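Values in this document were obtained by computation on a predicted structure and should not be read as measured data.
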Amino acid sequence: MRIHPHLKKEHIVISTQLAAWAAQDTQLLLVTLLALVAIVVLISFLSIAPFLSILIGTFVAGIGAGLPLEEIAKAFSKGAGSILGEAGIIIALGAMLGALMADSGAADKIVTTLLRYARGRAIPWMMAVVALVIGLPLFFEVGLVMMAPIIFVMARRSGLPIMRVAIPALAGMTTLHALLPPHPGPLIAVSALHADLGTTMLLGFLVAIPAVIIAGPLYGNFLAPRLNVAEPDQIGKLFAEREQKSQPGFVPALVTILLPVVLMLGRTVARIWVTPKTELYEMLNFFGEPIIALTVTVLFAVVVLGWGQGTSRFDVGATLRKALPPIAGLLLTIGAGGGLKQALLTAGISDTITKIAAGTHVPLILLAWIIAVALRQATGSATVATTATAGIVAPLVAGLSATHNSLMALAIGAGSVFFCHVNDAGFWMVKEYFGLNLKQTLATWSVIQTLVSVIGLGMTLLLWGILV
């Protein structure tokens, strides 16, 4: 059979284009890896400040991907501004709230009460439960700034290593962020896959329980004795206990820490059950916005924990002001992480991962997890990874039951938190809050998220087999 010459030429052109696209994708993956290695070398071996190291790594990735220098700078500025416009304000408000709770004795009061019910080996388990309660409706960044004063005071009062107290709390918050609505990633996946929200939450709790247990108290008990981590100087002083003539009662202290939880949970309730555009809906939606919820809480703390305890307005103002300088380096670092993420997205790393994953032949639920893992590694964002993966697999799940769609959403959420590293803001928050070096942060935060991700996958596969 003779092939028309025109068809031969067309076939050659298509083959050439495919080869060029494959080469571009390979180049982008290599320069991304090179940029990440450069950041690690600059921080670990040359002791360059994380902010500057990430900025240099961003230009390494951008130049290697063929982006113009001006476009790299614009992408970095856009990404840094975006993350600081949200997480930065939340961290600042959280630092002020934490300082108020420490100075007023509210954090100490909560810890004293908790220590009545848990001592010694039971404390890490108590911290995991507290993190689950506080972290249910809160973004991870909000949950961390709310838990920080409790973690620091609990470590001092109990005499336990700070990471033995912190790791269970971190595991509880990141597990909820990955698996359970109303966190943004799981909600997006539920919507894109047409899964049932209630079913997803129920199955999510079943998946979350073993993940929190293993990645939290069990891993914390294993790792903490092997890490030589002292309390960080600046952040530690910020949350240091102060001598008080009188402490607030347990109820005012508890209301303060739970107020943003209730406000943000109200927003979730409004979006699920309240008629849109009604006065009730608008009110719950407004006060449930994370920045608004934390602002209201800080003002509440000023009145109840500050002025209400007889502290002068000058001393309360001094407490609020002193909360900001210790977090300046943290804010710059997480902003740089956002800049790196945006530069990689501008270079097309998300599309590259998607094309590579589309050519694999593995079970559907495992494929969804792998795509989410790859996108998380490339972009540094659990929400981006979840959103993109849900869009990719949505056409493939048509015809599956609502239960199986819920398990698909959970598998995607689990994949989206696999091995968080230097291109993610949460990585730098954990590093700076607890005074860790790069290796220690990888051993704690990155491994915690990997355990949650792998256990989440295993549980979804198990439930998939049981519920077929």
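When every heavy atom of Ala169 is checked against every heavy atom of Met147, the shortest pair comes out as CB-CE, 3.9 Å. Of all heavy-atom pairs between Leu93 and Ile291, the closest is CD1-O, 3.7 Å. Closest approach of Val417 and Gln449 over heavy atoms only: O-CB, 2.9 Å. When all heavy atoms are compared, the tightest approach of Lys322 to Asp103 is NZ-OD2, 3.0 Å. Between Ile123 and Ser158 the shortest heavy-atom distance is CD1-CB, 3.4 Å. Summarising the geometry of Ser416 relative to Arg376, their closest heavy-atom pair is O-NH1, 2.6 Å, with the distance given to 0.1 Å.
The salt bridge (charged side-chain N to carboxylate O under 4.0 Å, His left out) test applied to Glu289 returns Arg267, not counting sequence neighbours. The salt bridge (charged side-chain N to carboxylate O under 4.0 Å, His left out) test applied to Glu70 returns Lys74, not counting sequence neighbours. The ring-ring contact (aromatic ring centres under 6.0 Å, His included) check on Phe76 picks up nothing, with sequence neighbours excluded.
The CE atom of Met201 sits 11.0 Å away from the CG atom of Asp196 when rounded to the nearest 0.5 Å. The structure places OG1 of Thr441 at 13.0 Å from CE of Met429, a figure rounded to the nearest 0.5 Å. From Thr58, atom OG1 reaches atom CG of Leu344 across 7.0 Å, with rounding to the nearest 0.5 Å. Between the OG1 atom of Thr112 and the CE atom of Met154 there is a distance of 9.0 Å, given to the nearest 0.5 Å. With values rounded to the nearest 0.5 angstrom, Leu299 atom CG is found 11.0 Å from Leu294 atom CG. We find the CG-CG distance between Leu410 and Asn405 to be 11.0 Å, quoted to the nearest 0.5 Å.
A heavy-atom distance below 4.5 Å is found between the side chains of Met173 and Leu170. Taking 4.5 Å as the limit, some side-chain heavy atom of Val316 sits within range of a side-chain heavy atom of Leu100. Looking at Leu97 and Thr256, their side chains come closer than 4.5 Å, going by heavy atoms from C-beta outward. Residues Val130 and Ile110 are not in side-chain contact: their nearest non-hydrogen atoms beyond the backbone lie 4.5 Å or more apart. Within the 4.5 Å cutoff, side-chain heavy atoms of Ile365 are placed close to those of Met408. Arg156 has its side chain out of reach of Ile162: every pair of non-hydrogen atoms, C-beta onward, lies at least 4.5 Å apart. When side chains are defined from C-beta on, Thr444 does not count as touching Tyr219, because their heavy atoms never get closer than 4.5 Å. Within the 4.5 Å cutoff, side-chain heavy atoms of Cys420 are placed close to those of Trp445.
Under the 30°/60° scheme for interplanar angles, the aromatic rings of Phe418 and Trp369 are found to stand perpendicular.
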* Please assess Met459 against Leu203 for the test side chain to side chain contact (heavy atoms under 4.5 Å, CB included), listing each intermediate value before the final yes or no. => CA-CA 10 Å; Met459 287 297 297; Leu203 295 176; over 6 Å; no
* Check against side chain to side chain contact (heavy atoms under 4.5 Å, CB included), Met127 and Ile150 -> CA-CA 9 Å; Met127 293 303 295; Ile150 306 299; 4.2 Å; yes
* Mind running side chain to side chain contact (heavy atoms under 4.5 Å, CB included) on Tyr281 and Trp273 for me, showing each step along the way? => CA-CA 9 Å; Tyr281 177 90; Trp273 287 298; over 6 Å; no
* To do: Report the C-alpha distance between Phe419 and Leu442 in whole Å, list the side-chain angles of each, state the deciding distance to 0.1 Å, and finish with yes or no for side chain to side chain contact (heavy atoms under 4.5 Å, CB included).
  => CA-CA 8 Å; Phe419 198 76; Leu442 290 170; 3.9 Å; yes
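His421 places no side-chain N or O within 3.5 Å of a backbone atom of Phe427 that could act as its donor or acceptor partner. Ser82 contributes no side-chain N or O that, together with a main-chain N or O of Gly79, makes up a donor-acceptor pair within less than 3.5 Å. A donor-acceptor contact shorter than 3.5 Å is absent between the side chain of Thr311 and the backbone of Trp307. Side chain of Thr460 to main chain of Leu457: a donor-acceptor pair is present (N/O by atom type, distance under 3.5 Å, no hydrogens or angles).
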